[in-house]
2 protein chains.
Amino acid sequence: MGTKPTLHEVAAAAGVSLASASRALTGRSASPEMVRKVRAAAKRIGYLPDATARSLRLGGHRQVVFAVDDIGNPNYVQMLRAIEEELGDAIRLSVSATGRRPDQTVELIRSLSMGAGDGLIISPLRVTPALRQALAETVVPVVVIGTLHSDLGIDNVYVDSSVAVGMVVDHLVAIGRRNIGVINGPGNTNPGAARRAGFAAAVRRHDLHPSESLQITATDFTVSAGIEAATLLFTRAREDGEALDAVVCVNDLIAIGAINAAMRLGLRVPEEIAITGIDDTEMAALYNPPLTSVSLQSARRGRLAARMLRERFADPARPPQRESVEATLVVRGSTMAEAS
Amino acid sequence: MGTKPTLHEVAAAAGVSLASASRALTGRSASPEMVRKVRAAAKRIGYLPDATARSLRLGGHRQVVFAVDDIGNPNYVQMLRAIEEELGDAIRLSVSATGRRPDQTVELIRSLSMGAGDGLIISPLRVTPALRQALAETVVPVVVIGTLHSDLGIDNVYVDSSVAVGMVVDHLVAIGRRNIGVINGPGNTNPGAARRAGFAAAVRRHDLHPSESLQITATDFTVSAGIEAATLLFTRAREDGEALDAVVCVNDLIAIGAINAAMRLGLRVPEEIAITGIDDTEMAALYNPPLTSVSLQSARRGRLAARMLRERFADPARPPQRESVEATLVVRGSTMAEAS
DNA sequence: TTGTATGCGTTATCAT
DNA sequence: ATGATAACGCATACAA
């Protein structure tokens, strides 16, 4: 009773052959009486068809898994949508949240070898040694969206997000802001580290010398973390008497948090303080004020990754591919008042 | 060459047995020489393991499919996240966009019988006769999120969105607004029709008599459609000299479009015009001004649906379940200036 | 270590 | 219309 009933047991319970049971449930060619008997037996013993077995027999479609830390992140949502589109009806797409436990991605890659899927697309926040190891050993194809050493021999699509930070700093300097603070994300992630480095390089290039107290780290890439960090940044600048006319945030969510914090403190955006994000989320264009941001082309990256996987399915022997995507600055109202 | 190579052919190409080929690739117990030969042969003929077969042999997990019109819709994203969480690691979750073609949902239900999945969660915008038919016939369990006649015998979780509209109208009247316009969504959808009816009932209840010109229909449940519709509404009201101090929008995206349109026309929100949404999207709380909305508890609905499916897996024979969720009003700055 | 044979749960082919 | 059986692609128990 505790085990999962098979079609075999349905047939036994109904007192008919296996083949008849199958036909009665799929409705191919069976007498009304047979259908009645079989469906009754199936319901009685609690039979549910096994999708895997059906799929095997019927020559089912390929399945690819898309694994990200947080499905709710708008960035990943864009990727998800693009991947789904690119894969089309012929390939089924599963999503898997890996953010709950560390190195869950590694388990996932290993589980691929147990039939979890025919291919995998991941966008890992951190590339741990264990992950590198798993990537090197995998037999089923994996595409990584994010920074990755090329000698791993893994299909890869990436974008240099450190230059993205450079672009916003360039823009801020160009419109006359020189007292630029920054809200970083956690430094122990790949994007976090890259953007942190990008900011350091940019201020050096422009000969800016932001005080340490204007460089702050949010605990997470979220709006609430952004509010918290920005509030601290603004009050600290005020107390210390530090000039501050712009804040670079390392993603849109933090930036929106920063705008919220600024307003609560009565700071006007962009007149008193310019605020920028990164990712060019849908919300950026819609926000009030609209958020200046840098598009990292998430949709395009997702589409490219999906295409790479399709092409690898078609030709498993071809050399590993690498493609990159250009960051593009999108200037909006959070740094410049709109032309009237 | 055009067909998909199987392990059998790898074994043949390597001149070893099927079992040895299997072991060499999974790395169980095989000599280095064997591993080398087999992996070489596999690479040469372009072998990729079949996930379905592996999963069948290894006793793979259940797979459920979540099908919605647009994966990008924040509403569905919340559901997706909750479903993923509730299902846990033991059940794999696939997403499927059904918005591309009409009645693609029906095809999906039928394709379930071909091994596409062990269970299905759908949130259809429209319940067509064909869909009803497919639901009545399906052998694999389906949970419908949305309005559904109970005699279909399908597990169902729903929320009455017509009362949601009533709640915002009550609120607007309570704060002294009586010249209330509305931006509806497409009427040929389930939510669209329900909310339209809800508005009609509410204005009747409060003895309001909004002129026809203040009741408008957006072409879609999107921000851009909202901007378009709201612009038309505001300019029309201005030209006709109609008083207008509030606009009920049937979802958050349209409402945000309406706020955008209002600002472009120089209308102050909420002082001159109050604007409300429905869905209580994440963006609602973060927007500027924060959007008064009605939570339809998407996350909770998703979680309930996932749980229903799990419970049906556990006991296929139990009677069909129905659960509902309460709409709750969330008052924010788009209708009332914040307390200072 | 390697090969042979069986079975995972289902549908399709071929008889009857 | 129904029943017996092979096959889908793979991993493993067993024998060698």
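Values reported hereafter were calculated over all heavy atoms of this structure, with side chains retained and with hydrogens, waters and symmetry mates removed. To find a chain, count down the sequence lines: A is the first, B the second, and so on, and within it residues start at 1.
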Could you check how far [atom1] of [X] sits from [atom2] of [N], rounded to whole Å?
X	N	atom1	atom2	answer
B:Leu48	D:dG9	CG	P	14 Å
A:His8	D:dA6	NE2	P	15 Å
A:Glu33	D:dA1	CD	C1'	13 Å
A:Asp50	D:dG9	CG	P	17 Å
A:Asp118	D:dG9	CG	C1'	12 Å
B:Lys4	D:dC8	NZ	P	13 Å
B:Leu56	D:dC8	CG	C1'	9 Å

Anything under 3.5 Å between a donor and an acceptor, one on a side chain of residues 107-114 of chain A, the other on a protein residue two or more places apart or in another chain? List them.
residue: A:Glu107; atom: OE1; partner: A:Arg101; partner atom: NH2; Å: 3.2
residue: A:Ser111; atom: OG; partner: A:Leu108; partner atom: O; Å: 2.8
residue: A:Ser113; atom: OG; partner: A:Arg110; partner atom: O; Å: 3.4

Quick one: do [X] and [Y] make a salt bridge, cutoff under 4.0 Å?
X	Y	answer
A:Glu33	A:Arg36	yes
A:Arg81	B:Asp70	yes
B:Lys4	B:Asp50	yes

For DNA chain D, the dot-bracket pattern of Watson-Crick and G-U pairs whose distances stay under 3.5 Å, | for other-strand partners: ||||||||||||||.|
Side-chain donor-acceptor contact under 3.5 Å, A:Ser17 with A:Ser20: yes
Modelled atom types, side-chain donor and acceptor of B:Ser298 and B:Asn75, under 3.5 Å: yes
Under 4.0 Å protein heavy-atom contacts per nucleotide of nucleotides 11-16 of chain D, with B for base, S for backbone only and - for none: BBB---
B:Asp118 and B:Phe313: CA distance, side-chain angles, deciding distance, side chain to side chain contact (heavy atoms under 4.5 Å, CB included) verdict: CA-CA 9 Å; B:Asp118 297 285; B:Phe313 285 151; 4.2 Å; yes
side-chain hydrogen bond (donor to acceptor under 3.5 Å, both in side chains) evaluation trace for A:Asn190 with A:Arg126: CA-CA 5 Å; A:Asn190 258 336; A:Arg126 316 160 220 275; over 6 Å; no
Presence of A:Ser55 side-chain N/O under 4.0 Å of C:dT10 phosphate oxygens OP1/OP2: no
B:Arg28, CZ: over 12 other non-hydrogen atoms inside 6.0 angstrom: no
